[in-house]
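Report on one structure; see the data block that follows.
Note that this is a predicted model, so its numbers are computed, not measured.
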Amino acid sequence: QVQLVESGGGLVQAGGSLRLSCTASGSILSINAMGWYRQAPGKQRELVAAISSGGTTTYADSVKGRFTGSRDNAKNTLYLQMNSLKPEDTGIYYCNADIRTLGGRYGRNWGKGTLVTVSS
């Protein structure tokens, strides 16, 4: 059994910053890729940042230069530092991780999401 829990969402003014965290727990053998997705009202879920097991990060064009993703493998934790936030960044942010469990299963896992609201 594996769980992902996001934290750090909230209400912020345009131009402000937030730092999201996602921690994985449970019967984890190993974690490969991790990532952040978001879903804005009325829109499809989109990839925001993907972080490989080695720490290489790729970003959606809409957040390049403003968001920074990172991971701490020792803590099984993923981070997303969001700066210069815009109203269009509003949405539910989800953590994703590809995890091998102690029971031998491997698959994509999702957190419940954390809401980010950016006001103008």
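Thr90 places no side-chain N or O within donor-acceptor distance of the main-chain N or O of Thr117, the cut-off being under 3.5 Å. Without hydrogens or angle criteria, Arg100 side chain to Ser30 main chain gives no donor-acceptor distance under 3.5 Å. Between the side chain of Asn109 and the backbone N or O of Gly107, at least one donor-acceptor pair lies under 3.5 Å.
Residue pairs meeting the disulfide bond (SG atoms under 2.5 Å apart) criterion with at least one member in residues 63-92, sequence neighbours excluded, do not occur. Residue pairs meeting the salt bridge (Lys or Arg N to Asp or Glu O under 4.0 Å) criterion with at least one member in residues 52-61, sequence neighbours excluded, are Asp61-Lys64. Applying the disulfide bond (SG atoms under 2.5 Å apart) definition to pairs two or more places apart or across chains, those involving residues 79-108 are Cys22-Cys95.
Remark: Ser25 OG to Asn76 CG distance equals 8.5 Å, nearest 0.5 Å. Atoms CG and CG, from Leu47 and Asn96 in turn, are 9.0 Å apart once rounded to the nearest 0.5 Å. Note that the CG atom of Leu78 and the OG1 atom of Thr23 stand 9.0 Å from one another [nearest 0.5 Å]. The CZ atom of Arg108 lies 12.0 Å from the CD1 atom of Ile99; values are rounded to the nearest 0.5 Å. Here the straight-line distance linking atom OG1 of Thr57 with atom CD1 of Ile51 works out to 4.5 Å at 0.5 Å rounding. Rounded to the nearest 0.5 Å, atoms OG1 (Thr56) and CZ (Arg71) are 10.5 Å apart.
In the hydrophobic cluster analysis, where Ile, Leu, Val, Met, Phe, Trp and Tyr join through side-chain heavy atoms closer than 4.5 angstrom, Ile92 is grouped apart from Leu80. Linking Ile, Leu, Val, Met, Phe, Trp and Tyr residues whenever their side-chain heavy atoms come within less than 4.5 Å leaves Tyr94 and Val116 in two separate clusters. Leu115 and Trp110 end up in the same hydrophobic cluster when Ile, Leu, Val, Met, Phe, Trp and Tyr side chains are linked at under 4.5 Å.
Within the 4.5 Å cutoff, the side chain of Asp98 has heavy atoms near those of the Tyr106 side chain. Counting heavy atoms from C-beta outward, Leu20 and Met82 have side chains that approach closer than 4.5 Å. Val118 has its side chain out of reach of Lys86: every pair of non-hydrogen atoms, C-beta onward, lies at least 4.5 Å apart.
Between the side chains of Thr77 and Asp72, no donor-acceptor pair is found at a separation under 3.5 Å. Between the side chains of Ser27 and Gln1, not a single donor N or O lies within less than 3.5 Å of an accepting N or O.
Ile28 and Leu102 get closest at one heavy-atom pair: O-CD2, 3.8 Å. Shown here for Asn83 and Ser17, the closest heavy-atom pair between the two residues is OD1-OG, 2.9 Å. The shortest heavy-atom contact between Ser120 and Ala14 is CA-CB, 4.3 Å.
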If you look only at distance, which donor and acceptor atoms sit under 3.5 Å apart when one is on a side chain in residues 31-40 and the other is two or more places apart or in another chain?
| residue | atom | partner | partner atom | Å |
| --- | --- | --- | --- | --- |
| Trp36 | NE1 | Tyr79 | O | 3.2 |
| Arg38 | NE | Glu46 | OE2 | 2.8 |
| Arg38 | NH1 | Asp89 | OD1 | 2.9 |
| Arg38 | NH1 | Tyr93 | OH | 2.9 |
| Arg38 | NH2 | Glu46 | OE2 | 3.3 |
| Arg38 | NH2 | Ser62 | OG | 3.3 |
| Gln39 | NE2 | Lys43 | O | 3.3 |

request  = Go through the steps to decide whether Leu18 and Leu85 satisfy the test side chain to side chain contact (heavy atoms under 4.5 Å, CB included), and finish with yes or no.
outcome  = CA-CA 8 Å; Leu18 287 173; Leu85 283 162; 4.1 Å; yes
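Remark: Arg105 CZ is loosely packed, at most 12 non-hydrogen atoms of other residues, nucleotides or ligands lying under 6.0 Å away.
In the hydrophobic clustering, where aliphatic and aromatic side chains (Ile, Leu, Val, Met, Phe, Trp, Tyr) are joined below 4.5 Å either directly or transitively, Leu11 stands alone. Through ILVMFWY side-chain contacts below 4.5 Å, Val5 is grouped with nothing and stands alone.
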